[in-house]
Amino acid sequence: MRKIDLSNFQVATSETAREVNRRIILNLIRANQAISRADLARKTGLQRSTVSLITEQLISEKWITEGIVGYSPRGRKPRYLRLNVDRAGVIGINIRPISTTIGLADFNANFRAQESIPTPPTPDAFVAEACRRINNLRESHPQISCEGIGVAVPGRVDLQTHRLVFAPNLGWNNVDLRTPLQVGTGLPVALENAANACALFEMWFGQRDNVRDLAIVTVSEGIGAGIVMNGQLLQGPTGMAGEFGHVTLDENGPKCKCGNRGCWEMYASNTAAVSYYRSVTASHRPSRNSDAIPEPTFEELLGLVELGDPRAVETLDRMGRYLGVGVAMLVTGLEPSMVVIVGEVTRVWSRIGPIIETVLRERCLNSSSVRVYPSDDALKPRLRGTVALILQEHFGAPVVA
Ligand SMILES: [Zn+2]
């Protein structure tokens with residue numbers, strides 16, 4: 001049970017009850033499209049007249065629409081309600097160190113248009129390019145009214161200042177992307193760490209129903225984690241919660257970009273795998289001149305695994321073990337009911353999944369209560385999580401007491 005915060009509370013008014021019921025109705029319509037008013041009254045226990053009042057308001061605000069007429073043996077035929085996905089659009093931006101994707105989605109997180117560009121080298125260049133492309137997207141889809149811009153970043157966002165404060169793999173530090181994006185587009189902007197965006201995607205659009213405790217691990221250039229506990233994203237007082245990628249596994253380990261040594265991501269990220277592969281292949285070459293060996297990309301490394309290259313297979317197995325070690329830390333400490341791994345490595349899940357499961361069985365007391373899933377890359381969880389960022393402001397539980 002949540003303790004009431006006596007430094008920041010809201011007393012209940014007649015508005016409070018109305019707002020709570022309105023959000024419940026809106027979410028029931030979203031979850032059960034299409035649904036009649038009678039079914040809404042049955043599911044909520046509210047009076048038909050109260051349901052009608054709320055749905056009329058939602059229709060007048062264009063959040064929902066009245067669709068096809070249903071069948072009834074007698075009396076008035078029910079008219080089914082559904083979300084008005086054309087009413088509201090969201091601009092989603094997924095920034096990664098190498099490339100950035102910008103798209104326009106509806107509130108079901110279906111992207112109507114999207115494009116990928118090389119990530120501009122500086123924050124200023126990024127903002128200028130992003131504003132130009134966002135304004136073009138909006139001009140080419142005038143029928144969609146945009147509610148806001150959700151941005152997933154490979155770093156952490158300070159909860160008070162909204163500045164990007166920790167993005168070692170991007171190299172931008174303590175920058176305000178929000179204000180210039182808002183000024184340049186006239187839209188509200190919400191920034192969130194990419195792993196948190198994936199956690200929001202899983203909670204709002206995931207295929208598995210009613211998951212309230214979950215951990216997302218994004219495996220890319222670094223490692224990020226997004227944690228949802230009791231249906232709420234874990235953020236910490238400043239927004240830095242979830243930095244499991246920078247928890248020390250070995251204090252004598254290799255130096256990390258964060259300044260520490262032996263962080264989890266120094267063993268289990270794509271970058272770590274590529275550099276390990278490079279070191280083992282160098283040690284098998286007569287010249288011992290490792291600088292002469294071209295470094296494969298992580299995708300090329302996965303290709304070599306599929307071809308059965310023994311050193312690539314060894315590299316991937318090592319990565320799997322270290323992923324397991326970190327996931328075991330999450331499972332032991334937080335007991336999520338589900339862990340979702342996001343990233344290119346999930347393409348070889350048949351190899352890496354069993355290794356992670358084995359490590360969990362070896363190390364966790366509660367391994368039987370957790371399921372580990374690969375995320376489906378095709379679902380674009382980082383990008384679609386940006387839609388959840390804006391959606392949650394309208395569909396999340398209202399703040400009471
Ligand atoms: Zn680190």
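Numbers for residues simply follow the sequence, beginning at 1. In listed order, ligands and their atoms are each counted from 1.
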Give, for atom CD1 of Ile25 and atom OG1 of Thr44, the distance between the pair rounded to the nearest 0.5 Å.
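If I round to the nearest 0.5 Å, the distance is 5.0 Å.
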Listing residue and atom name, which protein N/O/S atoms are closer to the Zn ion (ligand 1) than 2.8 Å?
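Those protein N, O or S atoms (cut-off: under 2.8 Å from the Zn ion (ligand 1)) are His246 ND1, Cys256 SG, Cys258 SG, Cys263 SG.
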Mind checking ring pair (Phe, Tyr, Trp, His ring centres under 6.0 Å) for Tyr322 and listing every partner two or more places apart, or none if nothing turns up?
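Ring pair (Phe, Tyr, Trp, His ring centres under 6.0 Å) check on Tyr322 returns Tyr267.
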Any chance the rings of Phe126 and Trp172 have centres within less than 6.0 Å?
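Yes, the ring of Phe126 comes within the 6.0 Å limit of the ring of Trp172, centre to centre.
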Evaluate whether atom CZ of Arg30 has more than 12 neighbouring non-hydrogen atoms of other residues, nucleotides or ligands under 6.0 angstrom away.
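It does: Arg30 CZ has more than 12 such atoms within range.
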In this structure, are over 12 heavy atoms from other groups packed under 6.0 Å from Leu307 atom CG?
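Counting other residues, nucleotides and ligands, CG of Leu307 exceeds 12 neighbours.
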Hey, what's the ring geometry for Phe395 with Trp63, parallel, tilted or perpendicular (30° and 60° as the breaks)?
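Taking Trp63 first and then Phe395, their aromatic rings stand perpendicular (interplane angle over 60°).
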